[in-house]
Q: 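The structure under discussion is supplied below as structure tokens; questions concerning it will follow.
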Amino acid sequence: MIKKIKVSAPGKIILSGEHAVVYGYPEILSAIDRRIFIETEETGLGLDVQPVEGKLIVEQAIEIFKAKLGVSRLKNLKIKISSQIPIGSGMGSSAAFAVAISAAFFEFLKLPKNLKKINEIAYEIEKKQHGTPSGGDNTISTYGGFLLYRKETENIKTFLSLKTKVFSSIFLINSGKPKENTGEMIKSVRDFLSRSPQKVEKFFREIEQVTRNFLRFFSGEELDFGSLITRNERLLEQLGVVSPKTKILIQKIEKEGGFAKISGAGGTKENSGIVLAYHRDPNVLLKLAKVEQWDMFKVKLGERGVKSE
Ligand code: PMV
């Protein structure tokens, strides 16, 4: 019997805590309404991956899956990948892929659905891509919603679901794919930390403070969401992960009374990936984006994690 299954997993944005999370500080993430879809079907013809550029990473995922779960029946497969998440731009495309392929194999092999294991395997796949990721991206893509996430040690990661908030006018602007990948950006912060430990630790602590204020906001306290976004952006700029070009874009939003921050690893050479933007009057942002010809789109937060389609 030919089995055909389809799963999907969401991309993400980070409200606060990127980079600091690599060093054990807390982070708040949200799943978004942009997903990756993976269809898996049994064939008699070895491994067929569409698009073909995905073949290497699928092969790596199969090896990790086999090593972790000791299964050998992942040979004759046709895998079709389609995605609504821009690659390498801070929206968690690689983590969403890792989660979706892991879940697809679970379903394909009729293993009992186990989000914890799906997430663990996705983390191993992520490590192959980025070296020392925090695991936050794959965790939000697995569980969805909003999460407070923390990597205590390599083996101990804690997270908590936050009450879903309704954010009516959050936009994402694609400032362009950074020249650097996530691994390189993590390394640049690590180098900065070893050159100036006190300074960088202070930035991390201040980022943690912003994250805590976001938590108070989630708990219903009257805090200015926009100002928290701006404070977070300034700290990311001081960490050296925002390019001059992206700073200018963000200043234009601020000049019109809006708030914006990069979300994810960032980039300094030219582009910094996705920028999260908010304005109390969304029409101001829509007008600005039109004049500036930005690739801007509305995004829904708190979306569902990995699921069967
Ligand atoms: O740009 P992204 O989607 O790879 O996000 C990375 C977030 C970092 O904190 C910079 C790294 C991590 O592993 O958490």
Side-chain angles (χ1 to χ4, degrees), residues 9-32 34-36 57 83-100 119-120 122-142 147-154 157-159 172-193 200 203-204 207-208 210-211 214 232-233 235-243 246 261-276 299 301:
K12 64 100 218 297
I13 55 107
I14 299 173
L15 275 180
S16 178
E18 53 269 87
H19 284 292
V21 70
V22 175
Y23 301 90
Y25 293 86
E27 165 182 69
I28 299 176
L29 310 102
S30 167
I32 59 171
R34 292 257 173 151
R35 307 182 76 87
I36 192 165
I57 177 162
S83 182
Q84 305 165 332
I85 312 168
I87 294 170
S89 299
M91 279 168 72
S93 61
S94 71
F97 166 80
V99 170
N119 192 31
E120 272 170 25
Y123 178 59
E124 295 303 318
I125 298 171
E126 272 283 87
K127 280 203 290 195
K128 268 257 181 279
Q129 299 293 308
H130 303 310
T132 56
S134 63
D137 284 18
N138 47 279
T139 305
I140 190 67
S141 186
T142 302
L147 290 182
L148 172 67
Y149 177 86
R150 196 168 187 139
K151 178 182 178 184
E152 306 289 351
T153 69
E154 181 57 23
K157 305 176 194 84
T158 55
F159 60 91
L172 296 183
I173 300 165
N174 195 348
S175 80
K177 191 173 173 202
K179 284 204 154 60
E180 309 90 329
N181 62 31
T182 299
E184 285 162 349
M185 291 312 295
I186 291 177
K187 186 174 177 304
S188 93
V189 173
R190 192 176 300 276
D191 292 345
F192 189 12
L193 177 66
V200 175
F203 293 150
F204 288 160
I207 289 173
E208 176 168 19
V210 176
T211 306
F214 268 113
N232 197 175
E233 167 60 23
L235 289 161
L236 288 164
E237 289 175 8
Q238 284 174 293
L239 265 190
V241 295
V242 187
S243 73
T246 307
K261 72 175 279 278
I262 64 149
S263 169
T268 46
K269 287 188 183 142
E270 191 183 355
N271 305 315
S272 312
I274 219 74
V275 170
L276 189 153
V299 72
L301 305 187

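In each ligand, atom 1 is the first atom listed, and ligand 1 is the first ligand listed. Residue numbers run from 1 in the order of the sequence given.
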Q: Using a strict cut-off of 4.0 Å, indicate which atoms of ligand 1 neighbour a heavy atom of Ala265.
A: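 Those of ligand 1 that fall under 4.0 Å from Ala265 are 1 (O), 2 (P), 5 (O), 6 (C), 10 (C).
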Q: Under 4.0 Å from a heavy atom of Val21: give me the atoms of ligand 1 that qualify, with their elements.
A: 9 (O), 14 (O)
Q: Taking all non-hydrogen atoms of both residues into account, name the closest pair between Thr246 and Ser272 and its distance.
A: OG1-OG, 2.8 Å
Q: With heavy-atom distances below 4.0 Å as the criterion, list the atoms of ligand 1 near Thr182.
A: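 Within the 4.0 Å cut-off of Thr182, ligand 1 contributes 1 (O), 2 (P), 4 (O), 6 (C).
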Q: If you count the atoms of ligand 1 from 1 in the order shown, which ones are under 4.0 Å from a heavy atom of Pro133?
A: 13 (O)
Q: Restricting to non-hydrogen atoms, name the atom on Ala96 and the atom on Ala9 that form the minimum distance, rounded to 0.1 Å.
A: O-CB, 3.6 Å
Q: To which protein heavy atom is atom 7 (C) of ligand 1 closest, and what is the distance rounded to 0.1 Å?
A: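 Sorting protein heavy atoms by distance from atom 7 (C) of ligand 1 puts Ile14 CD1, 3.8 Å first.
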Q: Within ligand 1, which atoms have a heavy atom of Glu18 less than 4.0 Å away?
A: 9 (O)
Q: Report yes or no: is the cationic atom of Lys151 (NZ for Lys, CZ for Arg) under 6.0 Å from the centre of the six-membered ring of Tyr123, at an angle within 45° of the ring normal?
A: no
Q: What is the nearest protein non-hydrogen atom to atom 11 (C) of ligand 1, stated with its residue, atom name and distance?
A: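 It is Ile186 CD1, 3.8 Å.
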Q: Could you list which atoms of ligand 1 come closer than 4.0 Å to a heavy atom of Ser134?
A: 12 (C), 13 (O), 14 (O)
Q: If you look at every heavy atom in Ile274 and Gly90, which pair is closest and at what distance?
A: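 Where Ile274 meets Gly90 most closely, the heavy atoms are CG2-O, 4.3 Å.
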Q: Determine the sole option in Ile262, Val275, Val242 for which the side-chain contact (heavy atoms from CB on, under 4.5 Å) test with Ser175 is passed.
A: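 Exactly one candidate clears the test, Val275.
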Q: Charged N to carboxylate O below 4.0 Å: is that the case for Lys127 and Glu154?
A: yes
Q: Within a distance under 4.0 Å of any heavy atom of Asp137, pick out the atoms of ligand 1 and give their elements.
A: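 Counting from 1, the qualifying ligand atoms are 2 (P), 3 (O), 4 (O), 5 (O).
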Q: Do Tyr149 and Val21 come within less than 4.5 Å of each other through their side chains, counting heavy atoms only?
A: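 Heavy-atom side-chain distance check passes, below 4.5 Å.
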Q: Using 4.0 Å as the upper bound for N to carboxylate O, is an ion pair formed by Glu18 and Lys261?
A: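 The answer is yes: the pair qualifies as a salt bridge.
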Q: So, regarding Glu27 and ligand 1 (criterion: nitrogen or oxygen to nitrogen or oxygen, under 3.5 Å), is there a contact or not?
A: no
Q: Decide whether the shortest distance between a heavy atom of Gly136 and an atom of ligand 1 is less than 4.0 Å.
A: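 No.
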Q: Counting only heavy atoms, tell me which of Glu126, His19, Lys12 gets closest to atom 8 (C) of ligand 1.
A: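 Selected option, by shortest heavy-atom distance: His19.
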